[in-house]
Amino acid sequence: MNKPFSQACENNKDPILAVLREHLGSGRLLEIGSGTGQHAAWLPAFLPGIDWQPSDVAENLPGIRAWLDEGPSNVRLPLELDVRGSWPDETFEYIFTANTFHIMDTDSVRLCIRQAGEHLVRGGLFLIYGPFCYNGACADSNARFDTSLRAQDPAMGLRDYTWIEECMREADFEPVADHAMPANNRILVFRRN
Ligand SMILES: C[S@@+](CC[C@H](N)C(=O)[O-])C[C@H]1O[C@@H](n2cnc3c(N)ncnc32)[C@H](O)[C@@H]1O
């Protein structure tokens, strides 16, 4: 099959790698919402201590597999995982997700955070890449993006950092870092207590 392609993934993979290198040691990493599979096909090559498990809803798995035909040896075949359904019966040292919290509705985001808490070892990290608002305000480009998302589907939209931190604390996470990234994106890092 033709591999699905996201230009945004090409643009953000180097800055994301720099932050992952800062926080990741060794262990298993679950990626939620792997999308095209480009991150899973490229990032693990530079994170040799990481055993990378991509995942997404069923319809995206063939595209992810196509990318992984040429992927590094420390990435597994993608797992079918809809955060609203059943999760794998295992724990991970890390969970990473990119550009998913503004696509999922708020109930799914909250559920994803709660399940992440149950599938990370104590001290494990949850790293979340994407655009966020802060106290209801965000950069102009993110405000336009938020408007276009909500026009497509009122359940989508940028999430506020304060709300995410609240959901995280409910799931027994504490904030560790909030990295500014190119194009008004962030990487939020939370540790499971
Ligand atoms: C904008 S794409 C981002 C894909 C990729 N991570 C990236 O950065 O390019 C959003 C992803 O979230 C996934 N997603 C949306 N709802 C989901 C759910 N309930 N459970 C798991 N993944 C979901 C979609 O299937 C899609 O792959």
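These values consider heavy atoms only, across backbone and side chains, with no hydrogens, waters or symmetry-generated copies. Read the numbers this way: they start at 1 and go in the same order the structure lists the ligands and their atoms.
The side-chain heavy atoms of Arg28 and Gln53, taken from C-beta on, include a pair separated by under 4.5 Å. Side-chain atoms of Pro44 and Ile50, non-hydrogen and from C-beta on, never get closer than 4.5 Å to each other. His119 is not listed as a side-chain neighbour of Leu30, based on a closest heavy-atom distance of 4.5 Å or more.
In terms of protein heavy-atom proximity, atom 21 (C) of ligand 1 is closest to Leu81 O, 3.3 Å. Looking from atom 13 (C) of ligand 1 to the surrounding protein, the closest heavy atom is Asp56 OD1, 3.6 Å. At the top of the distance list for atom 5 (C) of ligand 1, counting protein heavy atoms only, stands Gly33 O, 3.5 Å. Atom 9 (O) of ligand 1 has its closest protein heavy atom at Cys9 SG, 3.1 Å. With respect to atom 1 (C) of ligand 1, the closest heavy atom belonging to the protein is Asn99 O, 3.3 Å. Counting only heavy atoms of the protein, atom 15 (C) of ligand 1 lies nearest to Ile103 CG2, 4.0 Å. The protein atom (non-hydrogen) at minimum distance from atom 18 (C) of ligand 1 is Asp82 OD1, 3.7 Å. Nearest protein heavy-atom neighbour of atom 16 (N) of ligand 1: Met104 CG, 3.7 Å.
Atom 12 (O) of ligand 1 has its nearest heavy-atom neighbour, among Val57, Asp107, Thr100, in Thr100. Nearest-heavy-atom check against atom 3 (C) of ligand 1 across Gly130, Gly35, Ala98 picks out Ala98.
A donor-acceptor pair under 3.5 Å is absent between the side-chain atoms of Ser55 and the main chain of Glu80, judged by distance alone. At least one donor-acceptor pair closer than 3.5 Å links the side chain of Trp67 to the backbone N or O of Pro4.
At least one heavy atom of Ser34 sits closer than 4.0 Å to an atom of ligand 1.
Residue Gln38 does not touch ligand 1, judged by heavy-atom distances below 4.0 Å.
Backbone and side-chain nitrogen or oxygen atoms of Glu31 are examined, and none is located within less than 3.5 angstrom of a nitrogen or oxygen of ligand 1.
For an aromatic pair to be called close, the ring centres must be under 6.0 Å apart, and His102 with Phe145 satisfies this.
Residues Gly35 and Asp56 come closest through the heavy atom pair N-OD2, 2.7 Å.
Note on ring orientation: taking the six-membered ring where Trp is involved, the planes of Phe173 and Phe190 are perpendicular (angle over 60°, cut-offs 30° and 60°).
Residue His39 approaches ligand 1 through these ligand atoms, each under 4.0 Å from one of its heavy atoms: 8 (O).
By the side-chain hydrogen bond (donor to acceptor under 3.5 Å, both in side chains) test, Glu170 pairs with Arg110, sequence neighbours left out.
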